[in-house]
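For clarity, every value in this text was computed on a predicted model and none was experimentally measured. Every chain is numbered from 1 and lettered A, B, ... according to where its sequence line falls, protein lines coming before strand lines.
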There are 2 protein chains.
Amino acid sequence: MASIVARAWELARSEGIGGITLRALARQVGMRQPSLYEYFDSKNALYDAMFADGNRQLLERLDGLDLPEDPRQAVKLFMRTLAEFVLEDGARHQLLFQRPIPGFEPSPASFAHAEEFLARGVDLLHAAGVRDPGDVDCVVAVVAGLVDAQASNDPGGDRWTHHLDRLIDLHIDHAQQRSTP
Amino acid sequence: MASIVARAWELARSEGIGGITLRALARQVGMRQPSLYEYFDSKNALYDAMFADGNRQLLERLDGLDLPEDPRQAVKLFMRTLAEFVLEDGARHQLLFQRPIPGFEPSPASFAHAEEFLARGVDLLHAAGVRDPGDVDCVVAVVAGLVDAQASNDPGGDRWTHHLDRLIDLHIDHAQQRSTP
DNA sequence: GTCTATAACGAGATAGAC
DNA sequence: GTCTATCTCGTTATAGAC
């Protein structure tokens with residue numbers, strides 16, 4: 001079951017997340033297509049398992065970090081790690097952070113993992129003095145903007161992501177100034 | 001022909017850009033599906049016509065502006081207009097600024113319109129003192145980040161876009177400081 | 001130019017034997 | 001659990017009459 005999901009990720013990397021077919025997946029795992037229905041009730045159930053798995057991978061990655069004491073440096077490492085994770089695998093990026101499959105919505109259980117990740121980021125930003133929810137939104141949007149631009153236009157490069165640390169500093173400074181005038 | 005494209009946009013708004021089928025489009029225009037092949041050689045040719053049309057709409061919208069003398073205010077108006085344009089129509093946003101249709105790439109002729117738009121934005125940023133290409137990338141990514149977040153999570157609202165002016169100021173100031181140390 | 005008819009394909013899902 | 005066989009549906013695209 002876990003190995004089927006792993007094969008599905010391989011397939012997604014080569015064919016695109018929307019290019020997965022149950023026939024192709026079955027071939028990858030050495031089965032016939034109908035046998036997959038023993039493991040997933042539907043194709044969307046497969047996507048849901050992948051969504052949960054991808055988020056689990058991300059949380060694992062973040063668990064492996066030892067975050068600096070300095071909250072601002074912690075935010076930077078967190079965001080750089082996120083960027084690296086996302087740029088490793090375009091299909092995973094799409095499934096976790098965009099809505100690439102019409103008709104697919106993650107189940108509440110799978111979505112909880114995604115919220116857990118977001119909550120960790122927000123906590124770090126709080127510790128770094130970014131308390132206003134609007135300022136949190138801005139930092140999140142800026143990081144997403146850089147990472148998306150990198151992924152769409154030059155995955156593998158760093159034309160956009162090399163600005164990450166500097167912009168995070170800029171926005172944290174700005175947020176702190178606004179909250180203590 | 002122009003009216004077929006207009007109907008295609010209606011369809012895209014209700015069914016999603018990827019949810020267009022030639023049958024449904026034919027029904028909308030009061031034809032049978034094969035008759036559409038008189039106007040478009042393939043489905044991707046339809047998408048290409050829509051891509052060109054969407055960019056034409058955007059350029060038209062920008063032509064209608066009278067931009068303030070102050071270059072910084074001009075940038076803000078330009079970006080606000082872009083945001084408004086994008087948030088009006090999620091399907092158009094997808095087709096013009098994302099890669100929602102596997103296998104579809106705009107033709108060079110259509111793509112030229114998109115580059116024209118980008119060039120206008122970059123010119124304005126130059127006039128506002130954002131000359132370093134890296135700084136241009138940052139402003140573009142920030143605006144895209146805010147607009148995408150708005151479109152994905154709350155189209156119709158302004159939770160993210162109401163930060164546009166402030167962040168543009170922040171980034172222009174920052175770029176100017178960096179270029180004249 | 002528009003039509004009817006249909007080809008050619010591929011997808012997800014199900015029935016039922018083993 | 002895995003298989004073979006098949007259903008059902010929808011799609012783009014083409015042939016050829018009018």
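Taking every side-chain heavy atom of A:Y39 into account, D:dG1 is the closest of D:dG1, C:dT2, C:dT4. For A:Q33, the side-chain atoms get nearest to C:dA13 when compared with the rest of C:dA13, C:dT2, D:dA13. Closest approach to the B:R32 side chain among D:dC3, C:dC3, D:dA13 is made by C:dC3 (side chain taken as heavy atoms from C-beta onward). Closest to the A:P34 side chain, of the nucleotides D:dT11, D:dT14, D:dT4, is D:dT4. Taking only side-chain atoms of A:L22, from C-beta outward, the nucleotide of C:dA13, C:dC3, D:dA13 with the closest atom is C:dA13.
B:F40 comes within contact range of no nucleotide atom at all, as no heavy-atom separation falls under 4.0 Å. Within 4.0 Å of B:T21, counting heavy atoms only, lie sugar-phosphate atoms of the nucleic acid but no base atom.
In this structure, A:Y47 atom OH and C:dA11 atom P are separated by 11 Å, rounded to whole Å. The CG atom of B:L36 sits 14 Å away from the C1' atom of D:dT14 (whole-angstrom rounding). What separates OH of A:Y37 from C1' of D:dT2 is a distance of 15 Å, to the nearest Å. When the P atom of C:dA13 is taken as reference, atom CD1 of A:I20 falls 14 Å away, rounded to whole Å. Atom NZ of B:K43 is separated from atom C1' of D:dT14 by 17 Å (rounded to the nearest Å). Rounded to whole Å, atom C1' of D:dT12 lies 12 Å from atom CG of B:L46. Counting to the nearest Å, the P atom of C:dT2 and the CE atom of B:M1 are 13 Å from each other. Distance A:E38 CD to C:dA17 C1': 14 Å, rounded to the nearest Å.
For the pair B:S35 and C:dG1, the criterion of a side-chain N or O lying under 4.0 Å from OP1 or OP2 is not met.
Using modelled atom types and a 3.5 Å distance limit, the side chains of A:D48 and A:S110 yield a donor-acceptor pair. Between the side chains of A:Q177 and A:D173, not a single donor N or O lies within less than 3.5 Å of an accepting N or O.
The 12-atom threshold is not exceeded at CG of A:D41, counting heavy atoms of other residues, nucleotides or ligands nearer than 6.0 Å.
Between A:F104 and A:F51, the ring planes lie perpendicular to each other; the angle is over 60°, past the 30° to 60° tilted range. The aromatic rings of B:H93 and B:F97 are tilted relative to each other, their planes meeting at an angle between 30° and 60°.
Interface remark: the A:R23 side chain does form a donor-acceptor pair with the C:dG12 base, using a distance-only criterion of under 3.5 Å.
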